[in-house]
Amino acid sequence: RKARSGSRRRRHWERCSCRLTRTDSDVQVLVLPTPDTAALAVAGFLAQTLRRAPDVVLGLPTGRTMIPVYRGLVRLHESGLADFSRATTFNLDEFTGLPPGHPGSFRAYMRQHLFDHVNLPRGAAHFPRSARTKGSAYDRLIERAGGLDMCLVGIGRNGHIGFNEPASALTAETHRVKLKAATRRSNAYLYGDRPEKVPKFAMSMGIGTILRARAVILLALGAAKAEIVRAATTGPVTARVPASLLQTHPN
Ligand code: F6R
């Protein structure tokens with residue numbers, strides 16, 4: 001059955017002139033022709049998930065990659081094709097030490113790009129920063145909500161997912177992280193392109209938090225991410241490339 005649905009899926013994607021390949025692990029790699037088609041494919045997939053399972057619990061990232069995904073989701077919501085009224089969301093990460101409502105926070109990003117434009121109920125969006133949800137308490141909150149049904153992640157050029165930076169060992173649970181200089185640079189877009197203004201610390205879901213999600217989708221846009229995507233999906237599973245741990249996930 002699995003093989004049959006796999007070939008059906010391949011035929012569908014062939015018609016869309018994209019490439020679906022399966023690596024030695026369970027990771028499926030889908031290559032689409034443009035950043036917009038890739039982002040809209042993810043938005044469409046999330047909207048379909050919301051229609052099939054309105055009570056879905058989603059893990060959501062920020063980052064430039066996700067801006068066209070959230071734009072697509074907002075359009076689908078406006079067309080009646082994405083209803084968030086029964087959904088629950090948990091963001092992957094958030095900077096620490098920012099006053100509430102700071103425009104450089106991930107909460108502000110999510111409001112700007114998604115939450116202010118869809119019908120997600122107040123209180124259904126969670127971030128790992130608020131005093132009530134520190135560290136592993138965040139993981140317990142996710143468990144109480146039924147666990148993440150689907151976790152969407154971006155990838156840093158150094159292979160990080162969430163803010164799980166390359167290291168000799170990775171942390172399983174939600175934890176506080178010191179951000180690498182490169183990661184602060186890539187978040188400078190939220191701080192008027194001034195990396196020195198980007199907070200030095202953040203809270204992030206751990207690798208275990210992400211891997212416990214029932215399904216994980218990683219989206220990477222642009223040639224600059226090609227090499228790290230190759231390493232993450234076909235290279236060795238190593239804490240030096242945190243995204244490579246996704247190879248151990250069955251879905
Ligand atoms: C942000 C996050 C990060 C980003 C990654 C890619 O919430 O979890 O892992 O997904 O840094 O960022 P962009 O999309 O800006 O390249």
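Owing to the predicted nature of the structure, the values given are computational and were not obtained by experimental measurement. We use all heavy atoms of the structure for the numbers below, so side chains are in, but hydrogens, waters and symmetry mates are not. Whatever order the structure lists them in is the order used to number ligands and atoms, beginning at 1.
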Least distance between heavy atoms, Leu219 atom then Thr65 atom: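 Where Leu219 meets Thr65 most closely, the heavy atoms are O-CG2, 3.6 Å.
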
Separation between [atom1] of [X] and [atom2] of [Y], rounded to the nearest 0.5 Å:
| X | Y | atom1 | atom2 | answer |
| --- | --- | --- | --- | --- |
| Asn91 | Met205 | CG | CE | 7.5 Å |
| Thr62 | Arg107 | OG1 | CZ | 13.0 Å |
| Ser85 | His77 | OG | NE2 | 9.0 Å |
| Arg51 | Asp83 | CZ | CG | 10.5 Å |

Students should be able to answer this: which protein heavy-atom is nearest to [atom], and at what distance?
| atom | answer |
| --- | --- |
| atom 10 (O) of ligand 1 | Gly154 CA, 3.3 Å |
| atom 1 (C) of ligand 1 | Thr62 OG1, 3.2 Å |
| atom 15 (O) of ligand 1 | Arg64 N, 2.8 Å |
| atom 9 (O) of ligand 1 | Gly162 O, 2.7 Å |
| atom 14 (O) of ligand 1 | Thr65 OG1, 2.4 Å |
| atom 16 (O) of ligand 1 | Lys225 NZ, 2.9 Å |
| atom 12 (O) of ligand 1 | Gly63 CA, 4.1 Å |
| atom 5 (C) of ligand 1 | His160 NE2, 3.4 Å |

Part of Asp93 within contact of ligand 1 (heavy atoms, under 4.0 Å):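 The part of Asp93 near ligand 1 is the side chain, not the backbone.
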
For Ile155, which part has a heavy atom under 4.0 Å from ligand 1: side chain, backbone, both, or neither?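 Backbone only.
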
Hey, is Glu227 close enough to Arg230 for a salt bridge, meaning N to O under 4.0 Å?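 Salt bridge between Glu227 and Arg230, a charged N being under 4.0 Å from a carboxylate O: yes.
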
Does atom CZ of Arg214 have more than 12 heavy-atom neighbours from other groups under 6.0 Å away?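 Result for CZ/Arg214: enclosed.
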
Is Arg157 close enough to touch ligand 1? Criterion: a residue heavy atom under 4.0 Å from a ligand atom.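 Distance cut 4.0 Å: Arg157 fails for ligand 1.
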
Checking side chain to side chain contact (heavy atoms under 4.5 Å, CB included) between Leu46 and each of Leu152, Val56, Leu76, which is the one that passes?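 The option that passes is Leu152.
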
